[in-house]
Amino acid sequence: MIKKVFKQMIWTQILSAMTVTLCLLVDNIMIGRFLGEDSIAAYGLTTPVLLIFAAFGAMISAGIQVVCGKTIGKGDETGTDSCYTMSVILCIGISVLALILVILFPEQICSLLGAGDPTPDNTVFWLTKDYLIGFIIGAPAFICAQIMVPYVQIVGEQKRLILAVLTMTVADITLDLVNVLAVKGGMFGMGMASSLSYYLALAVGLTYFLSKKCIFHFKPSIMSLRSAYNLIKEGFPTVVNQISLVLLVYVLNRLLLGVSGNTGVAAYAVISTVSNICYCFGSGIAAVALTLSSMFYVETDKTSLLEVVRTMLKYGIVINLIVTAVVLLGAPILIGIFLSNPVSDVKDIATLGLRLFSLSLVPCAMCTTLKNYYQGTSRTGLTQLISVLQNFVFVVLFAFILSRFIDTTGIWLAFFAGESTTFLVILAIIFFKKKRVTISAEDLALLDEDFGVPDENIYEAEIFTKEDISAASIAIGEFCKAHGEDDKTSYYISLCMEEITANIINHGFGIDNKDHRIDVRYVIKKKKRTLRIRDDCEIFDPISYFELHKNDAPSKTIGIRVVMSLTKDANYINSLGLNNLTLVF
């Protein structure tokens with residue numbers, strides 16, 4: 001079922017990762033085609049500021065994935081609502097602060113970015129300032145769109161997410177064309193076009209949060225500093241990741257100015273935009289890994305966690321190999337989209353740079369997916385170490401060294417060298433902890449030896465047919481007896497499993513002409529016995545159904561009535577498009 005969830009989530013998550021990037025991509029294309037290379041250089045200089053604000057949105061977004069993954073895994077509705085409430089408040093606060101800082105100190109920020117002094121003849125400075133102010137007006141929507149994504153993803157509203165991204169992209173293209181062809185608003189107009197596009201995308205997403213079926217509730221009465229702390233703590237590794245990227249862009253811009261001037265900076269701006277799209281494939285897969293690992297970690301589900309590691313690495317390698325091949329072959333075409341001058345020095349430098357950069361995509365995907373997985377399994381220190389090494393230390397180190405010998409070519413090669421070295425460091429850490437050279441999923445998962453429940457105290461089964469139910473019912477009964485349960489208790493536990501799974505097959509299988517399955521997991525931990533039943537059918541909450549019909553004739557709800565009478569506690573949650581029922585005996 002993990003593989004199926006991955007397939008369902010990957011492409012919408014990749015599109016979600018492109019939420020911020022697509023507007024920047026469209027802007028870069030339009031700037032390059034219509035406004036010239038000075039404007040491209042100005043756009044490149046603003047990138048660190050844009051990444052800083054994106055970092056805060058990404059921090060809250062990652063915090064939501066981890067915190068909500070855990071609260072949903074535990075069935076904690078109050079915790080989920082508190083997380084939602086505090087994430088909205090944090091988003092508003094950060095957005096207002098961003099607006100104030102940029103509007104009050106635009107010239108100081110531009111000088112700090114390397115645009116030079118605000119002299120009348122410094123064209124790049126004024127272009128940088130114009131774009132920055134136009135773009136920052138969209139800061140509230142820019143950040144809110146990022147925190148909207150994990151919530152919409154959790155409830156399985158992929159179509160709405162895709163519609164929001166498409167709306168934003170179409171709007172940005174349209175508004176950019178209006179700006180350059182009709183309004184003549186220059187770089188300020190380009191920034192404003194992106195801002196308006198983000199607001200339109202946010203409006204599409206908000207239709208879910210304002211609807212009656214929204215499972216998240218904004219409740220100021222349950223505002224909690226602890227919830228805010230948890231969001232920031234769990235999302236902080238993402239801030240470290242983004243700040244590392246900001247510093248990387250800043251240092252490389254400075255290094256390129258020294259090696260090849262504005263030509264190198266302009267080439268890097270184009271490469272950065274294309275690379276951000278390329279990164280979305282790896283970061284989209286990593287985002288899925290973060291959500292799933294958070295959920296399964298709090299459930300101490302070792303089997304599912306190992307499957308997450310295997311699946312994320314497989315998809316990360318395969319998809320990014322394809323992206324690498326496309327970029328290697330299509331680099332001249334991709335660069336040509338951004339630049340109108342076919343004999344430009346910028347085009348030649350950027351084409352070579354993009355090809356060399358693409359070599360880093362596979363090792364980058366491996367590092368990023370593992371990094372997010374470690375974040376979801378509470379190894380935040382390791383996550384932060386990987387972020388700093390991957391996105392700053394090693395790339396800058398190799399850029400400084402290689403640029404001394406092969407100029408800008410050395411800077412482009414630094415990406416591959418940095419990502420590959422980071423992955424070797426991860427393997428070295430695993431070797432230190434496991435005392436063996438390995439790339440197995442079990443070792444890469446870095447779970448403690450005593451994590452969760454011993455395998456001998458867990459019964460797991462996959463159910464596809466009614467015949468599978470009979471076999472599982474007998475097997476779980478024997479499992480209970482082997483662990484000291486009497487015949488009566490063993491029968492009742494197997495009966496509960498049989499009643500629930502039979503109901504799922506009778507009412508969930510075959511109604512939509514799709515293949516479905518049920519995962520059964522029974523765990524004995526100390527004196528607690530827990531049965532979790534997970535299926536991928538249409539949403540159905542048996543607990544709410546029972547509450548609504550418990551006064552009906554007993555014969556109409558006899559199956560669920562028997563189950564409820566035999567359990568100490570029952571919890572249902574639908575997340576990631578899966579029904580999850582947990583029964584505690």
Side-chain angles (χ1 to χ4, degrees), residues 18 20-33 36-48 50-51 54 113-114 244-283 320 323-342 344-365 390-392 394-396 398-399 402-403 406-419:
M18 293 180 180
V20 173
T21 306
L22 281 173
C23 277
L24 302 180
L25 171 67
V26 172
D27 281 1
N28 206 339
I29 292 173
M30 295 295 182
I31 291 168
R33 303 297 295 183
E37 292 178 9
D38 280 346
S39 294
I40 295 177
Y43 166 81
L45 291 171
T46 61
T47 301
L50 307 184
L51 287 175
L113 292 170
S244 298
L245 286 171
V246 171
L247 292 173
L248 177 65
V249 172
Y250 177 78
V251 171
L252 291 188
N253 273 336
R254 291 285 188 173
L255 192 58
L256 285 163
L257 282 170
V259 174
S260 53
N262 285 338
T263 301
V265 174
Y268 183 38
V270 176
I271 293 170
S272 293
T273 304
V274 179
S275 68
N276 286 337
I277 293 293
C278 295
Y279 280 141
C280 288
F281 293 92
S283 60
N320 280 279
V323 176
T324 300
V326 170
V327 174
L328 281 171
L329 294 172
I333 298 172
L334 292 170
I335 297 300
I337 292 172
F338 295 87
L339 301 171
S340 57
N341 185 356
S344 168
D345 289 339
V346 174
K347 183 174 183 180
D348 292 337
I349 296 173
T351 300
L352 174 62
L354 183 59
R355 281 177 165 155
L356 294 177
F357 159 80
S358 70
L359 301 177
S360 69
L361 290 175
V362 171
C364 175
Q390 173 190 25
N391 295 324
F392 183 71
F394 285 142
V395 178
V396 168
F398 282 111
L402 295 175
S403 65
I406 46 179
D407 299 326
T408 53
T409 301
I411 295 174
W412 311 142
L413 280 172
F415 289 99
F416 171 72
E419 295 286 359

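These figures come from a predicted structure and were not determined experimentally. Side chains included, hydrogens not; waters and symmetry mates left out as well; all remaining heavy atoms used. Throughout, numbering of the chain's residues begins at 1 and tracks the sequence.
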(message) Measuring from atom CG of N253 to atom OG of S272, what distance do you get when rounded to the nearest 0.5 angstrom?
(response) 7.5 Å
(request) Might you point out which heavy atoms bring Q390 and C364 nearest each other, and give the distance in Å? (result) NE2-O, 3.5 Å
(request) Determine whether I406 and L413 make a side-chain contact, defined as any pair of heavy atoms from C-beta on separated by less than 4.5 Å. (result) yes
(message) Which heavy atom of C278 sits nearest to which heavy atom of N320, and what is that distance?
(response) O-OD1, 4.2 Å
(message) So which atom in A399 and which in S403 form the shortest heavy-atom distance, rounded to 0.1 Å?
(response) O-OG, 2.7 Å
(request) To the nearest 0.5 Å, tell me how far L257 CG sits from L252 CG. (result) 11.0 Å
(request) State which residue, out of L248, L356, I271, fulfils the side chain to side chain contact (heavy atoms under 4.5 Å, CB included) condition with F415. (result) L248
(request) State, to 0.1 Å, how close S260 and T408 come at their nearest heavy-atom pair, and which atoms those are. (result) OG-CG2, 3.4 Å
(message) Looking at every heavy atom in both A365 and G282, which two are closest together, and how far apart are they?
(response) CB-CA, 4.4 Å
(message) Quick check for you: to the nearest 0.5 Å, what is the distance between L352 atom CG and F357 atom CZ?
(response) 13.5 Å
(message) Distance check, rounded to the nearest 0.5 Å: R355 atom CZ versus L329 atom CG?
(response) 8.0 Å
(message) So, taking the atom named CD1 in I31 and the one named OG in S39, what distance separates them when rounded to the nearest 0.5 Å?
(response) 6.5 Å
(request) Among L354, T263, V270, D407, find the one that has a side chain to side chain contact (heavy atoms under 4.5 Å, CB included) with I349. (result) T263
(request) Apply the side chain to side chain contact (heavy atoms under 4.5 Å, CB included) test between F416 and each candidate in L359, L361, V362; give the one that qualifies. (result) L359
(request) Give, for atom OG of S275 and atom CH2 of W412, the distance between the pair rounded to the nearest 0.5 Å. (result) 10.0 Å
(message) To check you understand the geometry: which heavy-atom pair defines the closest contact between G264 and L256, and what is its length?
(response) O-CD1, 3.7 Å
